[in-house]
There are 2 protein chains.
Amino acid sequence: MATKARRTERREEPLSRERIVEAAIGILDAVGEGGLTFRVLAERLATGPGAIYWHVSGKEELLGAATEVVVTGTVLGGAGGASPQEVIRDLALRLFDAIDAHPWIGGQLARSPGQSPTLQVFERLGRQVQALGVPRPARFTAASTLLSYILGVAGQNAANAHGQESEQDRTEFLDGVSAAWANLDPDAYPFTRDVAEQLREHDDRAEFLAGIDLVLAGIAASHAG
Amino acid sequence: MATKARRTERREEPLSRERIVEAAIGILDAVGEGGLTFRVLAERLATGPGAIYWHVSGKEELLGAATEVVVTGTVLGGAGGASPQEVIRDLALRLFDAIDAHPWIGGQLARSPGQSPTLQVFERLGRQVQALGVPRPARFTAASTLLSYILGVAGQNAANAHGQESEQDRTEFLDGVSAAWANLDPDAYPFTRDVAEQLREHDDRAEFLAGIDLVLAGIAASHAG
DNA sequence: CGACTCTCTGGAATGCCGTTCCAGAATCAG
DNA sequence: CTGATTCTGGAACGGCATTCCAGAGAGTCG
């Protein structure tokens with residue numbers, strides 16, 4: 001405590017919305033959506049809950065901001081001169097991987113249509129739909145369908161991300177579901193039983209992309225005829 | 001009140017899982033997902049929270065059971081001898097209408113893949129995909145894509161269902177979003193701005209069906225070639 | 001250099017939630 | 001009648017988001 005001895009200005013690093021959102025993302029990635037509480041967040045930032053509320057209006061805004069940071073980082077930067085189909089596939093896969101890395105985004109995206117992150121994706125999809133040569137009145141439907149499909153997969157992936165960190169957890173999970181499907185009532189669930197074995201060796205990412213291709217094929221077919 | 005005169009056996013009506021789920025659906029429909037609490041539910045059933053827990057393991061199970069009741073009622077009974085495309089469209093529309101009537105189902109369905117209600121829909125879709133003549137290895141993808149699209153729309157509808165009961169609320173809501181889109185940065189959101197006006201006069205239900213048709217077209221195109 | 005103000009902090013308090021506990025009422029089996 | 005069992009509901013308990021508020025730090029002005 002020499003002269004005035006503020007060895008650090010006021011704090012090591014002042015609180016800021018940016019630092020709060022960053023810490024929130026860290027917690028969300030580490031312990032999931034349910035693990036983010038203002039108490040934990042305050043502890044991690046070495047402060048109290050009240051201080052956080054001065055920078056952020058509440059939990060909803062915090063989750064929204066966290067989602068926006070990740071999604072914006074994901075949506076920007078992508079394929080260059082490829083075909084519109086390729087750009088859409090690339091964007092979709094980048095989103096899929098981002099949701100895989102941060103499962104909480106899935107639930108958040110699915111729950112907040114019209115918000116900035118969803119809009120960003122919609123815009124990117126729409127531009128490529130336009131580049132695809134889809135006539136103007138059909139563009140909205142085409143872009144919305146792609147978006148809804150992506151959000152649907154996102155929500156399911158987010159829900160499935162319960163305690164499967166490793167590759168092994170994942171295999172066990174698929175084996176379990178596959179076995180459960182194979183044991184369903186044959187009269188009530190013939191189809192599900194029939195595809196149960198396909199589930200065991202299935203690759204979520206490839207399956208997701210195949211769905212994108214299906215929609216793209218539908219878009220192409222619809223404005224060809 | 002003849003011999004022993006228990007005009008009501010034990011209670012006017014004994015508590016039962018069925019009655020609890022029924023009451024929960026009533027509350028969910030009236031005040032939404034956030035309004036369902038065990039206290040409110042207990043008051044409505046003229047009992048205490050403890051009694052409810054004897055019949056139901058917790059909130060998750062309760063929401064699941066409520067969803068199952070509504071979805072099962074929706075999925076059963078539908079078109080008879082129509083084409084597979086027609087059956088799929090009919091099933092999808094029935095689901096859409098059910099979600100419109102009970103928006104909380106949307107969030108619930110999107111959040112619980114592999115659970116009974118989702119599986120029921122998957123099974124129905126899969127059978128029709130099969131009837132469509134899709135080759136075996138492609139059926140899983142086709143049915144999953146339809147399901148994911150439906151769940152995506154469901155989630156968005158559930159999220160949008162914030163305080164728009166009447167037709168007028170709905171029009172105001174669309175006008176507001178449309179205006180917001182039209183005021184976006186022209187450089188960042190050219191596409192979204194361009195389709196903003198289409199949004200104003202758009203019909204969610206028709207748009208949803210158009211998306212289904214797009215996926216169906218894609219399915220048809222994919223196994224034709 | 002003081003005093004006043006404004007930004008920002010963080011600990012304490014509030015009110016609601018899901019869930020658990022438990023004493024006891026109603027019913028049933030013998 | 002008696003003991004066991006099923007079922008009830010009010011009273012906790014711990015945790016949550018959010019609000020309150022006394023006051024610390026840092027600029028500003030006379």
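A note on names: the letters A, B, ... follow the listed sequences, proteins ahead of strands, and every chain is numbered from 1.
At C:dT9, none of the side-chain N or O atoms of A:T47 fall inside 4.0 Å of OP1 or OP2 (strictly under the cut-off).
Contacts of A:L41 with the nucleic acid, taken as non-hydrogen atoms under 4.0 Å apart, are absent.
Against DNA chain D, the stretch residues 55-66 of chain B makes heavy-atom approaches under 4.0 Å through B:H55.
A salt bridge between A:R170 and A:D204 is present, with a side-chain N of the basic residue lying under 4.0 Å from a carboxylate O of the acidic one.
Each of A:L36 and A:G50 was assigned the nucleotide of DNA chain D with the nearest heavy atom; the assignment lying further toward the 5' end belongs to A:L36. Place A:P49 and B:V40 on DNA chain C by their nearest nucleotides, and A:P49 ends up nearer the 5' end.
Within the 4.5 Å cutoff, side-chain heavy atoms of A:H102 are placed close to those of A:D29. Residues A:F140 and A:F122 meet the side-chain proximity criterion, which asks for heavy atoms closer than 4.5 Å. Put simply, the side chain of A:V31 does not reach to within 4.5 Å of the side chain of A:V40, judged on heavy atoms.
Donor-acceptor pairing under 3.5 Å is lacking for the side chains of B:S178 and B:E197.
To the nearest angstrom, C1' of D:dA17 lies 15 Å from CD1 of A:I27. Rounded to an integer number of Å, the gap from CH2 of B:W54 to P of D:dG10 is 19 Å. A straight line from CD of A:E43 to P of D:dG15 spans 13 Å, rounded to a whole angstrom. The CZ-C1' distance, from A:R17 to C:dC8, rounds to 17 Å in whole Å. Taking atom CD1 of residue B:I52 and atom P of nucleotide D:dG10, one finds them 11 Å apart after rounding to whole Å. Separating the CZ atom of A:F38 from the P atom of C:dT9 is a distance of 15 Å, rounded to the nearest angstrom. Atom P of nucleotide C:dT9 and atom CG of A:L15 are separated by 5 Å, given to the nearest angstrom. Atom pair B:Y53:OH and D:dC7:P shows a separation of 19 Å (rounding to whole Å applied).
Taking only distance into account, the side chain of B:R39 meets the base of C:dG18 through a donor-acceptor pair shorter than 3.5 Å.
A side-chain donor-acceptor contact under 3.5 Å links B:R19 to the backbone of B:P14. A donor-acceptor pair is defined here as one N or O able to donate and one able to accept, closer than 3.5 Å; such a pair exists between the side chain of B:T118 and the backbone of B:S112.
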